[in-house]
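Down below is the structure, laid out as C-alpha cells.
Residues take their numbers from the sequence shown, with the count starting at 1. Owing to the predicted nature of the structure, the values given are computational and were not obtained by experimental measurement.
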Amino acid sequence: MTLQTVTWMSAFLCLAQVCSMPMPCQLQGQLVRITHNLLRDMGGNFPLECLQENVFVAFPATAFATSGAPQLSSSGAMAIYETLKNIDTLFGADDLPTKWDQQKLENFQNIVYRQIEESKCMMGSVDTSDYLIRTEGLKTYFGNIAAVLKEKNFSYCAWEVVRKEVLYSLQFILEHNSDSLLWAKRT
C-alpha cells in the first residue's frame with residue numbers, strides 16, 4: 001500500500017513538474033497552419049454567388065517585412081500576434097455564417113484565442129522602433145475588412161470576403177514568415 005502511494009505521489013509530482021515548465025514565448029507554426037486549414041475547409045471555395053460582392057482589400061505586406069535578417073524582428077513577430085488579435089476580433093461577432101461548418105469554425109476560434117493567450121508574453125519584448133508603423137498598417141487593413149462587413153450588413157457574402165482576406169493573411173505568414181514561428185519538428 002505504501003509503495004503504491006509513493007508511486008502515485010511520484011507520478012503526480014513528475015506530471016506537475018512537466019506541466020509547470022515554461023513554454024517558449026513564440027507563436028506556434030503548427031497552430032497557425034491548423035487555423036489556416038480550418039478556415040479554408042469550413043466554407044470551401046469562394047462562392048460563385050458572392051463574386052459580385054467580392055472586393056479588393058490591400059494587404060499590408062510591409063508589416064511583415066524583414067530587413068535582411070533570417071529571422072523576423074520582435075516587432076515583426078508582433079505583427080503576426082496583432083494579426084491574430086484582429087482575426088479574433090473579427091470572428092468574435094455573434095452573426096457568423098451558419099453555412100460554414102460550425103465545428104471547424106469553433107475550433108478555428110479556439111485555436112486563434114489560444115495562440116493569443118499563449119503569446120501575450122511577447123508584449124514585453126517589443127522592438128518599438130518600427131512596431132507602431134507595422135501595427136498601424138494592420139489596423140488599417142483589418143479596419144477596412146470590418147468596414148466591408150458592416151457595409152454589406154454582415155451578409156454571408158461579406159463574411160466570405162472576410163474569410164478570403166484572413167486566409168490570404170495566414171497564407172502570407174506561413175509562406176513568408178515561418179522562420180519567426182516555433183515548429184515542433186520540421187523536415
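Linking ILVMFWY residues whenever their side-chain heavy atoms come closer than 4.5 Å, directly or via other members, places Tyr156 and Leu48 in the same cluster.
Contact check for Val161 versus Leu149: no side-chain heavy atoms found under the 4.5 Å cut-off. Counting heavy atoms from C-beta on, the side chains of Thr135 and Met78 never come closer than 4.5 Å. Looking at heavy atoms from C-beta onward, Arg134 lies out of side-chain contact with Glu82 at the 4.5 angstrom threshold. With contacts defined as side-chain heavy-atom distances shorter than 4.5 Å, the pair Phe64/His176 does not qualify. Residues Gln28 and Arg114 are in side-chain contact: their nearest non-hydrogen atoms beyond the backbone lie under 4.5 Å apart. In this structure, Gln115 and Thr35 have side chains that are not in contact, with every pair of non-hydrogen atoms separated by 4.5 Å or more.
For the atom pair Leu31 CG and Arg33 CZ, the distance stands at 11.0 Å (nearest 0.5 Å). Here the CD1-NZ distance, from Ile145 to Lys150, works out to 15.5 Å after rounding to the nearest 0.5 Å. Atom CG of Leu51 sits about 10.5 Å away from atom CD of Glu160, to the nearest 0.5 Å. Within the model, atoms CZ of Phe142 and CG of Asn144 stand 11.0 Å from one another, a figure rounded to the nearest 0.5 Å. Annotation: the span from Ile173 atom CD1 to Tyr168 atom OH amounts to 11.0 Å, rounded to 0.5 Å. Interatomic distance, Ile111 CD1 to Leu38 CG, rounded to the nearest 0.5 Å: 5.0 Å.
Evaluation of the side chain to side chain contact (heavy atoms under 4.5 Å, CB included) rule for Ser155 yields Glu53, Lys152, Cys157, Ala158 as partners, not counting sequence neighbours. Partners of Ala146 by side chain to side chain contact (heavy atoms under 4.5 Å, CB included), not counting sequence neighbours, listed by chain and number: Leu90. Scored by the side chain to side chain contact (heavy atoms under 4.5 Å, CB included) test, Glu117 finds Tyr113, Lys120 as partners (sequence neighbours excluded). For the side chain to side chain contact (heavy atoms under 4.5 Å, CB included) test, residues two or more places apart in sequence or in another chain that qualify with Asp95 are Ala93, Phe154, Trp159.
When all heavy atoms of Thr83 and Ser169 are compared, the pair lying nearest together is CG2-CB, 4.4 Å. The two atoms that bring Ala63 and Ala79 nearest to each other are O-CB, 3.3 Å, heavy atoms only. Taking each heavy atom of Leu84 and Val112 in turn, the nearest pair found is O-CG1, 3.5 Å.
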Query raised in the report: Are Val32 and Leu170 close enough, and set up right, to give a side chain to side chain contact (heavy atoms under 4.5 Å, CB included), and what steps lead you there?
Result: CA-CA 7 Å; Val32 174; Leu170 293 171; 4.2 Å; yes
Requested in this report: Evaluate the side chain to side chain contact (heavy atoms under 4.5 Å, CB included) criterion for residues Val55 and Val57: first the C-alpha distance (whole Å), next the side-chain angles of each, then the deciding distance (0.1 Å), finally the verdict.
Outcome: CA-CA 6 Å; Val55 295; Val57 182; 4.3 Å; yes
Requested in this report: Could you check Ile34 against Gln30 for side chain to side chain contact (heavy atoms under 4.5 Å, CB included), going step by step and ending with a plain yes or no?
Outcome: CA-CA 6 Å; Ile34 290 169; Gln30 190 60 30; 4.1 Å; yes
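Legend: disulfide (SG to SG under 2.5 Å) pairs involving residues 78-119, not counting sequence neighbours: none detected.
Under the 3.5 Å distance criterion, with hydrogens and angles disregarded, a donor-acceptor pair is assigned to the side chains of Tyr141 and Glu165.
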Distance-only donor-acceptor hits, side chain of residues 101-110, under 3.5 Å, sequence neighbours excluded:
{"from": "Asp101", "atom 1": "OD1", "to": "Gln103", "atom 2": "N", "distance (Å)": "3.0"}
{"from": "Asp101", "atom 1": "OD1", "to": "Lys104", "atom 2": "N", "distance (Å)": "3.0"}
{"from": "Gln102", "atom 1": "NE2", "to": "Pro97", "atom 2": "O", "distance (Å)": "3.0"}
{"from": "Gln102", "atom 1": "NE2", "to": "Trp100", "atom 2": "O", "distance (Å)": "2.9"}
{"from": "Gln103", "atom 1": "NE2", "to": "Asn107", "atom 2": "OD1", "distance (Å)": "3.1"}
{"from": "Asn107", "atom 1": "ND2", "to": "Gln103", "atom 2": "O", "distance (Å)": "3.4"}
{"from": "Gln109", "atom 1": "NE2", "to": "Phe91", "atom 2": "O", "distance (Å)": "2.6"}
{"from": "Asn110", "atom 1": "ND2", "to": "Glu106", "atom 2": "O", "distance (Å)": "3.3"}

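Remark: the backbone N or O of Leu39 is paired with a side-chain donor or acceptor of Arg163 at under 3.5 angstrom.
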